[in-house]
Amino acid sequence: MTGPPVPFREIVLKVHSRCDLACDHCYVYEHADQSWRTRPKTISDQVIQRTAQRLAEHAGTHALPSVSVILHGGEPLLAGPARLRRVCEEFGSALAGVAELDLRIHTNGLQLSPRYLDLFAEFDVKVGISLDGDRTANDRHRRFADGRSSHPLVLKAVELLRQERYRHLNLGLLCTIDIANDPHAVLDALTELEPPLIDFLLPHATWDDPPPRPDGSPVAYADWLLAIFDRWQEQGRPVPVRLFSSVLSTLSGGPSLTESLGLAPTDLVVVETDGQLEQVDSLKSAYEGAAATGFDVFTHSFDQVAAHPGVQARQLGLAGVSEDCRRCPVVRSCGGGLYTHRYRSSNEFDNPSVYCADLEALVRGIEERTGSALVSPALSGPAGTAAEHHELTRTLLAGLHALLDGLAGEPWARAWRTAGVLEESEAGVAGLDHVLAHPYARSWLQETVEGLRSDPDRAVAEASRLTSYVAAAVLRAGLTDAVPVVHRGGGLFLPTLGELTLDGADDHGTVLVRGVPGGFVVERASGEEVRVAFGEPGGGWRPVRRLAVAGLPGWAVDDLDPYRDCHAAPAADRLEPEAFEAFGAALARAWARIEAVAPAVAAAMAEAVTTVTPLTPGCRAERPHGHGALGVPVDADGPGAAAGMVRAHRRSELRALCDVADLYAADGDWEYLSPWDGTALPFSRLLAETHERVGVGLFDPEFPAGVQEALDLLEEAPEATVHGKRLLDVIRKELSGAQGVGRNDDSGTIFDQEGK
């Protein structure tokens, strides 16, 4: 199974094929592939020129915004300054106006001098240096052919790169792991040099030629790395470590940050000194010719290489790993390990990594150590969800301001300035927070941001609603400043407060809104004023009402907001007084049942829900809205009303969590048979149904049937992030509380409260 070739965004250019060190762990000279012996020592002008042309052609064809060229070897500095200058000039000229060029060089540092660094500064070539730690660690492998230490010269190179005039070129340090070295001494030696990044690399090995394990431990490399991780944590993470950052990223649902971990397709090709095009260099550790494609820059394009079966095999993501890996819960983080490390002569690369046990132990070890710190505050309960949603809404508002970039004209600019003034006082901040925390503020912002791409004229017009939000904030702050508000359709809507019909007004226009005790005054362009009392309907004013029914939380009933029509059923029109009273009475009856049957659920709903919107019969796709909205059918009553409210809340609660925390990643790559009807479901659907069934099951004892089995499936699923696992733990505790069962953490069995 293959897809369209992934374009190459990175090429490794071998500028010199020999080295001035004799490292005994080098995959180029010491492993299975010895093709270096037949290569030219130095890359020729023809290979440089043709490679640059091929790369420019490739970048143009695929509209790549940027490409990276990594100068490599052997030892690339042996090519000399003149040859390296030619490379920089040729690639810079070919890529000019086509794509941004990111030039890098990976070196052992022995030849590094101001002459080279001045050249690199001229062409902005970033420099990465290989260093395995302190002198003892580095000299274990990185020695000259006669056995002399390379450590003093490497330190000299690092110190040179740390000088102020070259510091901007420092890419960081690459350290090959040897578990015989003291992990703390290695980390301390590297961090003392204050590199911008440390990259720990597992030594290249295969199942045919496995890595050394002096004590026989299957997780010796994980233990070594976790010792480094603990020390790194204790020191306050003084330097970014790519390996750790990658695991932390994938645990939270983000991407892998290194080729050696994760499921991202490879986008790298190697150009040898003779112009031969090869796959990733580490394959030389597998067998003679493993990296070869049979292509070269003179007769083949990079697109042809991208379509090569060997390259395609490393672009399959999950489909490209072994069956054992596909079933493993940590595969999203480890990605099956580096492709080379999966090799076994009997079945080639259809295996887990030779470091499989190490990778699993490393991922689980980092998760155990950091899980609680990684989890979003939203997972702590309704207050945390509300806080994160409010921050997200403010971020969306700032993002809309940046996207508009003056397009919305003076009304937006004036409202933005007023919002800034509100932020300078406690009352002003409270007022602004109140209106932005309204669930449908998010709907307005998100639809406006999306509309800028599809219908910019309408989106710019909708952006003027900021004037209404700012006016409502000013009124809620108790201020009396006059605020210009853009109105549309002959009506003035003030979020969280209500709507005023402007009789005889033009379809669109601007009015001044000014606060007065107990209400506000609207001044039209003609000078005519309309006085409004907040909670008193009449004179064209329809306030947002609250449910004044004994026993009910003080929820607002918003049947006015233009963006309220975002629930699973269409929003109802404004309820007439009699219908509003009946709606409140039905809610009170349902709420009494929720409090009686599920007091914990009732407490959570009372804290989370701020706004109820009446809905009419029908079904529709839900659209984004902020935290705190609950859609309830206008005819909700009877035995099913309580369960319906809980179901709607559970759906809204899960959607709110998904807005601010990545609960899962790679959704749809696996399917699970639901325990209740045998349907094949992706992780997201199984999670949603399980989450809903636990809440609704409090009102229907048969509804949570199969939930225990579903939770077991979800907890062992690769998709679950640390956030998702925390939610699953919460759901299991909810289920235990509802059914009077707990989980025996030692045996994994389920038992009731009497231990049966």
Side-chain angles (χ1 to χ4, degrees), residues 397 404 406-422 425 427-428 430-432 434-436 438 440-441 444 448 457-546 556-565 571 573-577 580:
L397 179 58
L404 287 169
L407 289 175
E410 183 57 25
W412 176 280
R414 190 167 47 223
W416 187 262
R417 289 194 298 270
T418 304
V421 173
L422 286 171
S425 70
L432 193 59
H434 189 97
V435 296
L436 291 179
H438 188 53
Y440 306 130
W444 161 63
T448 304
D457 290 341
R458 182 179 182 277
V460 168
E462 285 299 302
S464 66
R465 290 191 185 276
L466 179 64
T467 60
S468 298
Y469 279 88
V470 169
V474 168
L475 295 177
R476 286 196 167 276
L479 304 176
T480 58
D481 306 67
V483 181
V485 180
V486 176
H487 67 84
R488 306 178 67 194
L492 172 67
F493 178 74
L494 297 174
T496 75
L497 294 174
E499 183 178 53
L500 176 66
T501 300
L502 297 171
D503 292 333
D506 293 334
D507 190 43
H508 304 293
T510 301
V511 296
L512 289 177
V513 175
R514 182 179 75 255
V516 295
F520 61 95
V521 171
V522 176
E523 180 183 336
R524 301 185 180 185
S526 64
E528 180 186 356
E529 292 188 347
V530 178
R531 190 180 184 94
V532 175
F534 284 128
E536 298 177 11
W541 172 245
R542 300 187 295 175
V544 172
R545 295 167 290 188
R546 291 193 172 273
V557 177
D558 198 331
D559 48 9
L560 293 171
D561 195 294
Y563 283 87
R564 73 188 185 281
D565 198 14
D573 292 333
R574 173 77 167 185
L575 298 181
E576 296 300 326
F580 180 79

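One-based numbering along the sequence shown.
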Output a table of donor-acceptor pairs, distance under 3.5 Å, between side-chain atoms of residues 528-538 and any protein atom two or more places apart or on a different chain; print 'none' if there are none.
none

Which atom names give the shortest non-hydrogen contact between [X] and [Y], and what distance separates them?
| X | Y | result |
| --- | --- | --- |
| Val435 | Ala441 | O-CB, 3.8 Å |
| Arg564 | Tyr440 | CB-CE1, 3.6 Å |
| Ala473 | Leu422 | CB-CD1, 3.8 Å |
| Pro484 | Thr467 | O-CB, 3.7 Å |
| Arg465 | Pro562 | NH1-CG, 3.7 Å |
| Ala571 | Asp565 | N-OD1, 2.8 Å |

Which residue in the set Leu466, Val460, Thr448 passes side chain to side chain contact (heavy atoms under 4.5 Å, CB included) when paired with Leu404? Val460
Option passing side chain to side chain contact (heavy atoms under 4.5 Å, CB included) with Val522 (candidates Val511, Leu512, Val485): Val511
Could you grab the distance from atom [atom1] of [X] to atom [atom2] of [Y], nearest 0.5 Å is fine?
| X | Y | atom1 | atom2 | answer |
| --- | --- | --- | --- | --- |
| Thr510 | Arg414 | OG1 | CZ | 7.0 Å |
| Leu502 | His487 | CG | NE2 | 5.5 Å |
| Phe493 | Arg488 | CZ | CZ | 14.0 Å |
| Leu575 | Leu560 | CG | CG | 9.5 Å |

Is any side-chain heavy atom of [Y] closer than 4.5 Å to one of [X]?
| X | Y | value |
| --- | --- | --- |
| Val513 | Leu492 | yes |
| Trp541 | Phe520 | yes |
| Asp559 | Arg545 | yes |
| Arg476 | Leu497 | yes |

Counting only heavy atoms not in Arg458, do more than 12 fall under 6.0 Å of its CZ? no
Which label fits Trp412 and Trp416: parallel for a plane angle under 30°, tilted from 30 to 60°, or perpendicular past 60°? parallel
Partners meeting ring pair (Phe, Tyr, Trp, His ring centres under 6.0 Å) with Tyr469 (sequence neighbours left out): Trp444
